[in-house]
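All remarks here apply to the structure that follows.
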Amino acid sequence: MAAEVADAIEREVEQLKVEIARLGEKQENGEIHVKFGVLFDDDRCQQVFEALAGTLKAAKKRKVIAYAAPLLLKGAHDNEVIRLLVPPEGEAKAE
């Protein structure tokens with residue numbers, strides 16, 4: 001059971017990387033940045049993620065993404081920048 005939960009979390013984190021890459025903007029340093037509000041309001045993300053805040057927290061804990069706020073809330077944190085630190089599988093990180 002625990003392994004199934006861990007696998008589900010890993011799949012959601014991997015999907016989150018794909019969605020951030022799709023919605024975000026590539027920076028000069030190669031990172032992709034997206035604002036929380038853009039991610040939260042996206043129709044596809046609303047369909048894919050049951051609990052976006054939980055998926056973001058899991059990805060942050062795994063150092064896949066980074067953001068400054070300890071908690072992301074719709075409205076209050078719409079302009080919080082989420083930085084993608086690890087590209088989706090199959091994509092090389094830009095140097």
Please list, chain by chain and in numerical order, all residues satisfying side-chain hydrogen bond (donor to acceptor under 3.5 Å, both in side chains) with [X], sequence neighbours excluded.
X: His77; answer: none
X: Glu25; answer: none
X: Lys17; answer: Glu14

query = If you group Ile, Leu, Val, Met, Phe, Trp and Tyr whenever their side-chain heavy atoms sit less than 4.5 Å apart, what else falls in with Val18?
reply =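 Grouped by the 4.5 Å side-chain rule, Val18 forms a cluster of one, so the answer is none.
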request  = If you link ILVMFWY side chains whenever their heavy atoms are less than 4.5 Å apart, which other residues fall into the same cluster as Leu71? By chain and number, please.
outcome  =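 Leu73, which link up through side-chain heavy atoms under 4.5 Å apart, make up the rest of the cluster.
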task = Could you please spell out the steps behind the side-chain contact (heavy atoms from CB on, under 4.5 Å) verdict for Arg22 and Asp42?
result = CA-CA 11 Å; Arg22 177 177 66 87; Asp42 181 69; 2.5 Å; yes
remark   = dist Ile82:CD1 -> Leu72:CG (nearest 0.5 Å) comes out at 5.5 Å
Could you tell me if the side chain of [Y] sits less than 4.5 Å from the side chain of [X], heavy atoms only?
X: Arg44; Y: Leu23; answer: no
X: Glu31; Y: Leu85; answer: yes
X: Leu39; Y: Leu56; answer: yes

task = Please list all pairs passing the salt bridge (Lys or Arg N to Asp or Glu O under 4.0 Å) test where one or both residues lie in residues 67-80, with sequence neighbours left out.
result = Asp41-Lys74, Lys74-Asp78
ring-ring contact (aromatic ring centres under 6.0 Å, His included) contacts touching residues 15-37 (sequence neighbours left out) =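 As it turns out, the ring-ring contact (aromatic ring centres under 6.0 Å, His included) pairs with a partner in residues 15-37, which skip direct neighbours, are Phe36-Phe40.
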query = Got a sec, which residues hit side chain to side chain contact (heavy atoms under 4.5 Å, CB included) with Phe49, two or more places apart in sequence or on another chain?
reply = Glu12, Gln15, Leu16, Glu19, Cys45, Leu52, Thr55
task = Provide the full list of side-chain hydrogen bond (donor to acceptor under 3.5 Å, both in side chains) pairs with a residue in residues 56-68, sequence neighbours left out, each pair given once.
result =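 Every pair satisfying side-chain hydrogen bond (donor to acceptor under 3.5 Å, both in side chains) with a residue in residues 56-68: Glu10-Arg62.
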message = Membership question, hydrophobic clusters at under 4.5 Å side-chain separation (ILVMFWY): are Leu84 and Val81 in the same one?
response =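 Not linked; separate clusters.
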request  = Kindly work out whether a path of hydrophobic side-chain contacts (I/L/V/M/F/W/Y, heavy atoms less than 4.5 Å apart) joins Val64 to Ile9.
outcome  =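 Yes: a chain of side-chain contacts under 4.5 Å links Val64 to Ile9.
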